[in-house]
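Letters A, B, ... are given to chains in the order of the sequence lines, protein chains preceding strands, and every chain is numbered from 1.
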2 protein chains.
Amino acid sequence: MMDESTDNRQKIISTALNLFAKKGYDAVSTVEIAQAAGITKPTMYYYFGSKEGLLSEILNTHYNRFITDLEKAASLPEDVALTFFRLMRVYFDYALNSKDFILFKLSIFNRIGEDTTYRLSREYIDRESSVITNVFNVAASHVGNIKGKEDLCTVSFVGVTHAAIGSYFHTGDEKLLSDETIYRIRQQFLYGIYS
Amino acid sequence: MMDESTDNRQKIISTALNLFAKKGYDAVSTVEIAQAAGITKPTMYYYFGSKEGLLSEILNTHYNRFITDLEKAASLPEDVALTFFRLMRVYFDYALNSKDFILFKLSIFNRIGEDTTYRLSREYIDRESSVITNVFNVAASHVGNIKGKEDLCTVSFVGVTHAAIGSYFHTGDEKLLSDETIYRIRQQFLYGIYS
DNA sequence: CATTTTATATACCGTTTGGTATACTGCAAC
DNA sequence: GTTGCAGTATACCAAACGGTATATAAAATG
C-alpha cells in the first residue's frame with residue numbers, strides 16, 4: 001500500500017483520545033474518529049472490534065503507564081514530604097506531556113453512574129486511588145501526626161492536584177504546574193495556610 | 001386531561017437531570033427522557049424547544065439557586081474560619097439534598113473542550129469560582145498570612161470540597177459530609193497536617 | 001356557546017448512529 | 001506463481017437520533 005503512516009492502530013488511538021477529551025466519548029462518532037485519523041471505519045473495527053473496544057484499549061494503554069509511574073514515585077512513602085512532591089510531579093508532568101489523557105481522566109474521575117466511560121475506567125481509578133491511599137497509610141505508621149487523618153490526606157491530595165491541573169487547563173499558565181507550586185502546596189498541606 | 005401530575009414541566013426537568021447525572025448528557029436520548037417522565041417527546045419540545053434548551057433550563061434553575069446560597073454563605077469573608085465552614089457546608093448540603101445536580105455539576109466541572117455541557121455551564125462555573133476567589137481575596141486584606149496565597153487557597157478549597165463529595169458518592173458514607181469533617185478539613189487547611 | 005389558548009399525543013421526517021458483508025491490495029511463504 | 005493473510009476501502013444495514021406537522025381535548029376567554 002506504500003502508506004506513509006506505518007501504524008494506523010496507534011494513529012487511531014491518539015486521534016480518538018484527542019476527540020474523546022475534547023467532546024466526550026458519547027459525542028464522538030466512529031466516522032468522525034476515522035476521518036480525523038485519515039482512515040475508514042472498517043479499519044477501526046478491524047483493530048478494535050467496537051467503539052467500546054477502542055475506548056478500552058485507550059484506557060489500558062495510557063492508564064497502565066500512568067499508574068506505573070505513580071507507583072515508582074510512591075516507592076519511599078516513609079518520607080512524606082519527598083513522596084508528596086514526587087507524586088504531584090507525576091500528575092503535573094502528565095498534564096504537561098499527555099494533555100489529552102489527563103483531560104479525559106479529569107472528565108471521568110468524578111463520574112459515577114451507568115455510562116460506558118465510568119464502567120470501563122472504574123478499575124483504573126480505583127487502582128490510582130489506592131496508590132495514594134497506601135502512601136498515607138504507610139506514612140501514618142512513621143509519622144505520628146498523620147495517624148487518623150489518612151483518608152483526609154488522600155482526599156486533600158487528590159483534590160488539590162486535580163484542581164491545580166484544572167486551573168492550568170483553563171488558564172494555560174504553566175507556572176501552575178511548576179516545582180515552585182508543588183513546594184507551596186506541600187507547605188500549605190503540611191503546615192497550613194498560616195505558616 | 002384529569003392528569004395526576006399537574007406540573008409536567010417540572011417533572012421533565014427533574015427526570016432529565018437525573019438521567020444526565022447518571023449517564024451523561026449525550027448518552028441520554030429525548031425519547032428516553034420522555035418515557036421516564038411519563039410524557040411524550042412533543043410535550044418536552046413544547047416546553048423547552050430542544051434538548052439543549054432543556055439542559056439550559058436545568059442549569060439555570062439549579063445553578064442560580066446554588067450560587068445564591070453560596071453568596072449568602074460568603075457574606076462575611078473577613079472571618080476566614082467561619083466563612084470556610086459556611087461555604088463548605090453549602091456544598092455538602094447540596095450533595096446531600098440535591099444529589100443529581102451536584103453529581104452532574106461534578107461531572108462537568110473539570111471538562112474543557114467543545115461539548116454542549118461545557119459550553120452551557122461555563123458561565124455558571126465561572127460565577128461559582130469567582131465567589132470562592134473573592135472570599136480569599138477579601139480575607140487576604142484582613143489576614144496577613146493569606147496574602148499572596150489567594151489562588152492557592154481557592155484551588156485547595158474547591159479541590160478538597162469536590163474530592164470529599166466524590167468520596168461520599170463513591171462510598172455512600174454520610175459522615176464524609178458532616179460538620180466534624182468540615183472542622184477537620186478546615187483545621188488541616190489552616191494549620192496543616194502536623195497540627 | 002363560540003373561540004382562542006394551552007397542553008398533550010400520533011405519526012412521521014431526514015439524518016446519523018454503531019456495525020458489517022464483501023471485495024480488493026500488497027506482501028510473505030511455499 | 002499461486003496461496004494465504006494482514007490490512008484497507010466501498011457500499012450497505014437496521015435502528016436510533018433530534019425534531020416536527022398535525023390533530024385533539026380541556027380550559028380559559030369573549
Flag, side chain of B/Lys23 to backbone of A/Thr116, donor-acceptor distance under 3.5 Å:
no
Can you confirm whether or not the ring centre of B/Tyr191 sits under 6.0 Å from the ring centre of A/Tyr191?
no
Tell me: CD1 of A/Ile33 to P of C/dG18, nearest whole Å?
8 Å
From C-beta outward on B/Tyr46, which listed nucleotide comes closest to its side chain: D/dC17, D/dT10, C/dT8?
C/dT8
From C/dG19, D/dG18, C/dA9, pick the nucleotide closest to the side chain of B/Thr43?
C/dA9
Rounded to the Å, how far apart are A/Asp26 CG and C/dG18 C1'?
12 Å
Length of the CZ-P vector between B/Phe48 and D/dT20, whole Å:
16 Å
Rounded to the nearest Å, what distance is computed from the OH atom of residue B/Tyr45 to the P atom of nucleotide C/dT10?
17 Å
Send over the distance from B/Glu32 CD to D/dA15 P, rounded to a whole Å.
18 Å
Distance check: side-chain N/O of A/Ser29 vs OP1/OP2 of C/dT17, anything under 4.0 Å?
yes
Exam field: side chain A/Thr154 to backbone A/Glu150, donor-acceptor pair closer than 3.5 Å:
yes
Does any N or O donor sit under 3.5 Å from an N or O acceptor when you compare the side chain of B/Lys41 with the base of D/dG18?
yes
For the backbone of B/Asp7 and the side chain of B/Lys11, can you confirm whether one donor and one acceptor N or O come within less than 3.5 Å of each other?
no
Of D/dT10, C/dT20, D/dC17, the nucleotide closest to the side chain of A/Thr40 is D/dT10
If you compare every side-chain N and O of A/Asn8 against the phosphate oxygens of D/dT8 (OP1, OP2), does one of them come in below 4.0 Å?
yes
Check step by step if side-chain hydrogen bond (donor to acceptor under 3.5 Å, both in side chains) holds for A/Asn64 and A/Arg127.
CA-CA 10 Å; A/Asn64 280 335; A/Arg127 279 170 56 202; 3.2 Å; yes
Round to a whole Å and report the spacing from CE of B/Met44 to C1' of C/dA9.
15 Å
Would you kindly give the CD1-to-P distance between B/Ile39 and D/dA25, to the nearest whole Å?
20 Å
From CG of B/Asp7 across to C1' of C/dT8 the rounded distance in Å is 14 Å
Would you mind telling me which of D/dG18, C/dA21, D/dT8 lies closest to the side-chain atoms of A/Pro42?
C/dA21
